Structures are given as structure tokens and as C-alpha cells.
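Throughout, protein chains are lettered first and strands after them, A, B, ... in sequence-line order, and every chain is numbered starting at 1. None of the values given here were measured: they were computed from a predicted structure.
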2 protein chains.
Amino acid sequence: MRKHFPERTIQRLLLYYRYLNFMLQQGTKMISSRGLADLLEIMDSQVRKDLSYFGKLGKRGAGYDILELRNKIAEILGIKSKKNICIVGMGNLGSALSAYKGFEELGFNISLVFDVSEQKVGHKIKGQICSNYSDLLKLIKENSIKIAILTVPANSAQETALALEKSGIKAILNFTPVKLTLSKAVKIRNVDLALELKTLSFFTED
Amino acid sequence: MRKHFPERTIQRLLLYYRYLNFMLQQGTKMISSRGLADLLEIMDSQVRKDLSYFGKLGKRGAGYDILELRNKIAEILGIKSKKNICIVGMGNLGSALSAYKGFEELGFNISLVFDVSEQKVGHKIKGQICSNYSDLLKLIKENSIKIAILTVPANSAQETALALEKSGIKAILNFTPVKLTLSKAVKIRNVDLALELKTLSFFTED
DNA sequence: ACTATAATGTGAAATAATTCACATATATGA
DNA sequence: TCATATATGTGAATTATTTCACATTATAGT
Ligand SMILES: NC(=O)c1ccc[n+]([C@@H]2O[C@H](COP(=O)([O-])OP(=O)(O)OC[C@H]3O[C@@H](n4cnc5c(N)ncnc54)[C@H](O)[C@@H]3O)[C@@H](O)[C@H]2O)c1
Ligand SMILES: NC(=O)c1ccc[n+]([C@@H]2O[C@H](COP(=O)([O-])OP(=O)(O)OC[C@H]3O[C@@H](n4cnc5c(N)ncnc54)[C@H](O)[C@@H]3O)[C@@H](O)[C@H]2O)c1
């Protein structure tokens, strides 16, 4: 099985996964590529192509067994094994994210959250006790955490990212509007919400 | 002169815009496509191709005049004219977004925020007085708002989206993990944060 | 058992986005 | 002024992704 799939394919797999789960709850047993495609408003051939990267998962003439396909996708995406993550910067956005159930559903567990502020360190925020940023290196190493969500102010972003790299973090979901510069060993994904809004707005008639 | 460009081009234009602003503050006058490209870690030919969609903006042998280019991009993206937007659902995420300065920098103004909760309606949240969801139609029409950010719970998402459509909204930035079904006249852009995290995680070695 | 219908899996074709390569223009220094 | 270096703008080539088209297999009805 190759390790070079379009990123979009992986993202669609996740969307399939959500719908399959929903259909399971409804008690449906089988679904066709067309059925899935209609739900997502994409082409059925796209669904088949996406799934075909990972083997022959369907049955000609019948479609896909929902339970089987759901489990297969969970396996492909590694959803069964919980991954611990941390959030750095428990301000407006960080604390909102720490309360979000959607991460858990995809196999993540927020096991540490950090801040520098005296008001926050040692206190519960959305059910999580906030750790001190000065213990970042120690705690992340101790807990072997590999993934971090970065929600500190823009002007501390690069510095914080360096600390994360030092502590052994291998992937950062970066919400700051800052281009982080780290070694190639750390994978960075930028989520730029202002950019999302502007893109939407640009392609909208008015 | 719109609509036929890759979406990614528009997004990169925004990133160029941020860097150009920064360089202006530094007092730099000119920048080459290579210079910009290095900052964003992309190809210089990509920068030139992006800009070439909008005319001959540079000077051979010299590069791009930063001020000129910045203004041109602002014009292309329509950043000079403020656009009013609203947020529906002032919970964890909605209230974090309402406090975000990044929207304003790209020409947006959050002029209305809505919730259904008695605790919130009529009270200030992050400096904004929260309006009652039951006044949505009236207030959005009165203020001719065309863009909405949707941050209500998943199970009210579709219903709320329909209300937004009815009130004249033309674009929705949807943070709920729900596929909204509206007429083609309303542009929808989904921001799926769990999906972003999972995509990052999938393509990370461990 | 047979026929009509449904649906997959996959090369091939089409479409989209990126990168290359270079002719052309400008700038700089001797 | 001339030579050299710099850098744009853009077709052409390449690479990536999506869609088509159909041979193949399964199902359901009679
Ligand atoms: N608020 C939003 O909705 C939003 C949206 C998109 C992007 N962002 C970006 O996310 C980041 C955070 O935004 P916010 O609105 O939550 O800001 P905020 O000021 O509310 O929160 C930042 C938090 O980080 C803490 N902090 C500062 N330095 C730190 C460090 N070195 N280590 C750990 N914690 C540190 C602060 O004490 C504060 O609690 C910013 O970069 C912002 O641009 C925010
Ligand atoms: N919290 C996050 O970081 C996060 C991340 C990604 C996506 N999301 C999604 O965003 C949405 C909101 O998440 P949240 O964590 O802020 O939830 P939340 O429960 O904190 O907030 C939801 C708010 O919406 C209000 N509300 C309910 N029905 C409404 C209606 N019809 N009109 C207006 N307001 C209404 C509620 O009173 C509440 O204040 C959810 O769909 C969630 O899946 C949240």
C-alpha cells in the first residue's frame, strides 16, 4: 500500500467516516459510491477512486458494507488508537478548542494545556488544569506528546514553536498568522481563519 | 476581472499582502519574486504566475515596488472597503472569533452577534452586545449583512443556515461539522478543525 | 436459470495547478 | 558605453487531481 495519497483523499475519507457512523446509527447496512457522493455533493467516481487507493473495499453490484468500510477507514486513519496532544496558549481560541469534542471523535486526547499567565496556570479551564509554560519541555517529554496546537499571541509564536521542537513535538497545528521556521523534522499545518473568511468573501457575489 | 483564478492564488495573495505590510513598516522599498517566495517557502515562479493574473505589476531587473504591490493586492481583494459580518452562536468558538483582530485587518467588521441563550442575549460578550436569535431576520436585513460565521451546535446548524439564507445572507463560513444544504445562491465554506488536525497527524511520521 | 439492472474498480482522458525555461527588459559598475 | 548581473512575464512542460467510460461482477425478479 502506497504512502502517497492526495491530501484531499485523506480529508474526504474523514468525511465518509462521519457519514458512515451516522448511517450505522440509523441501522443502514449498505451504501453505494453514488449514495455517499450525493451526501457530500461530489462525483461517485471520486469516492471509488479514493477508496481504491486502499484496496477493493466494495462489492460489485452491491456497494459498500457500511460497518466494514467504517472500520477500514478508521484503520487507515489510525482512529482506534488515541493520540495525546497538547494546546499551548489558553486564551480565547485555545480554551475554545480545549472544549471541542470533535477532536476526541477522531482519536485525539488533549492531555496537556499550557499558558504563561498567573491567572491561568494551576487553574481549571474548561475542565483541564492549565500547566505552566515553563514546564513545557519536561511535561511534553515525560508524556511523549508529539502533536501540539499553537494558539499563543503572534509575537510569541516563533519562540514557542522552537520550544515545542526542542521538547520533541513532531507536528504543530498553527493558528497564529505567523510563518513558523523550524527544521524539516517538524510538520507544520497552518489554519488561517481570516484567510478562510476572505477567500469565501472574494468568491461571493455582491 | 474575477472568478477564473485558482483559489490558492487568492489565498497566497493574502499572504503576500501580510508580508508586504510588514516590509513596509521596516522601510523596505522593493522586493523580488524570489524574495517573497523565500519568505513563504514556495517557488518564485509561483509568485510571478499569481501576480501575472492581475497585470504586469513588477519591473524587469528590479522586482516589485512594495507599496504599489501592496495597494494593488488590497484593491484586488477588496480590502479597503469594510464588509460587515455577523456571528451566530456565541459559545466557546463564536466568542473567541468575535475577539479576533485578524478579521478586521482584512477588511471585515463584526457588526452583529447572535445567540439563543438567556444568559447571553442583551449582555456584552468580548465587547459586543449579543442580539437575540429571534431578531435575526430583521437585524440582518436592516443592516444588509451578507456574510455570516456559523458557530451554533451541530444539531441546530441546518435550521440556522436556512434562517440565514432567508434573511439575505450570501456567504456562510461554517464551523460546524455539518454539510449544510441551501440554494446555490448562498456560498458556503466549511472550516473543519478536527479534519485539519487529523490531516496533519496522518502525514506526520511516528 | 436467465435476464435485466446495479454498482465496483481502474486504465485512459480531461482538467487544474505548478514549475521550468527563456526571451526580454532593467540596473549597475567599470 | 558596454558588459554583466538581475529579475519579470509567460508559453510550454510537468505534475497532480478529477472525471469518464466501460469491462466485470453481483443482485433481484420472474
Ligand atoms: N481568537 C480567535 O478566534 C483567533 C482566530 C484565529 C487565529 N487566532 C490566533 O490565535 C492566537 C491566540 O489568539 P487568542 O485570541 O486566543 O489570544 P489570547 O490573547 O486570548 O490568548 C493567548 C494566550 O496565550 C498565552 N500566552 C502568551 N504567551 C505564551 C507562551 N509563550 N506560552 C504559552 N501561553 C502563552 C496568554 O497568556 C493568553 O492566555 C493568536 O496568534 C491569534 O492571532 C485567534
Ligand atoms: N469549540 C471549538 O473549538 C470548536 C471547534 C471546531 C468546531 N466547533 C463547532 O462549532 C460549533 C460551536 O461550538 P462551541 O464549542 O462554541 O459550542 P457552544 O455550545 O459553546 O456554543 C454554541 C452556542 O450557540 C448557541 N446557540 C444554540 N442554538 C442557537 C441558534 N439556533 N442560534 C444562535 N445561537 C444558538 C448556544 O446558546 C451556545 O451559546 C459546534 O457546531 C462545534 O462542533 C467548535
- prompt: When all nucleic acid strands are considered with a 4.0 Å heavy-atom cut-off, which category describes A:Leu51: base, sugar-phosphate, or nothing?
  reply: nothing
task: Describe the nucleic acid contact of A:Ile42 in one word from base, sugar-phosphate, nothing, applying a heavy-atom distance below 4.0 Å.
output: nothing
Does the side chain of [X] get closer than 4.0 angstrom to OP1 or OP2 of [N] through an N or O atom?
X       : N      : answer
B:Tyr64 : D:dG9  : yes
B:Lys56 : D:dT10 : yes
A:Ser33 : C:dT8  : yes
A:Tyr53 : D:dT18 : no

Please report the shortest heavy-atom distance between [X] and [Y], naming the atom on each side.
X        : Y        : value
B:Met30  : B:Asp65  : SD-CA, 3.5 Å
B:Phe103 : B:Leu97  : CE1-O, 3.6 Å
B:Lys126 : B:Ala99  : CD-CB, 3.9 Å
A:Leu13  : A:Ile73  : O-CG2, 3.6 Å
A:Gly102 : B:Ala194 : O-CB, 3.6 Å

task: Go through C:dT10, C:dA27, C:dA7 for me and flag the one nearest to the B:Lys59 side chain.
output: C:dA27
query: So which nucleotide from C:dA7, D:dA7, D:dT18 ends up closest to the side chain of A:Ser32?
result: C:dA7
query: Which residue, A:Ala62 or B:Arg34, contacts DNA chain D at a nucleotide closer to its 5' end, judged by nearest heavy atom?
result: B:Arg34
message: Can you work out whether A:Glu7 or B:Ile31 has the more 5'-proximal nearest nucleotide on DNA chain D?
response: B:Ile31
Taking atom [atom2] of [N] as reference, at what distance in whole Å does atom [atom1] of [X] sit?
X       : N      : atom1 : atom2 : value
A:Met30 : D:dA28 : CE    : P     : 10 Å
A:Asp50 : C:dG9  : CG    : P     : 12 Å
A:Glu41 : D:dT18 : CD    : P     : 16 Å
B:Leu69 : D:dG9  : CG    : C1'   : 14 Å
A:Lys49 : C:dA14 : NZ    : P     : 15 Å
A:Phe54 : C:dT10 : CZ    : P     : 13 Å
A:Leu57 : D:dA26 : CG    : C1'   : 17 Å
A:Gln46 : D:dA16 : CD    : P     : 16 Å

field: Residue A:Lys82 excluded, over 12 heavy atoms near NZ under 6.0 Å
entry: yes
message: Can you tell me if A:Glu142 has over 12 outside heavy atoms packed within less than 6.0 Å of its CD?
response: yes
Is any side-chain heavy atom of [X] less than 4.5 Å from a side-chain heavy atom of [Y]?
X        : Y        : answer
A:Leu150 : A:Thr160 : yes
A:Tyr17  : A:Leu106 : yes
B:Leu137 : B:Lys166 : yes

field: Pairwise 5' ranking along DNA chain C for A:Asp44 and B:Gly61, keeping only the more 5' one
entry: A:Asp44
query: Going by number, which of residues 9-23 of chain A have a non-hydrogen atom under 4.0 Å from DNA chain C?
result: none
Between the protein and nucleotides 21-23 of chain C, list every N/O to N/O distance that falls short of 3.5 Å.
from	atom 1	to	atom 2	distance (Å)
C:dA21	N6	B:Arg48	NH2	3.3

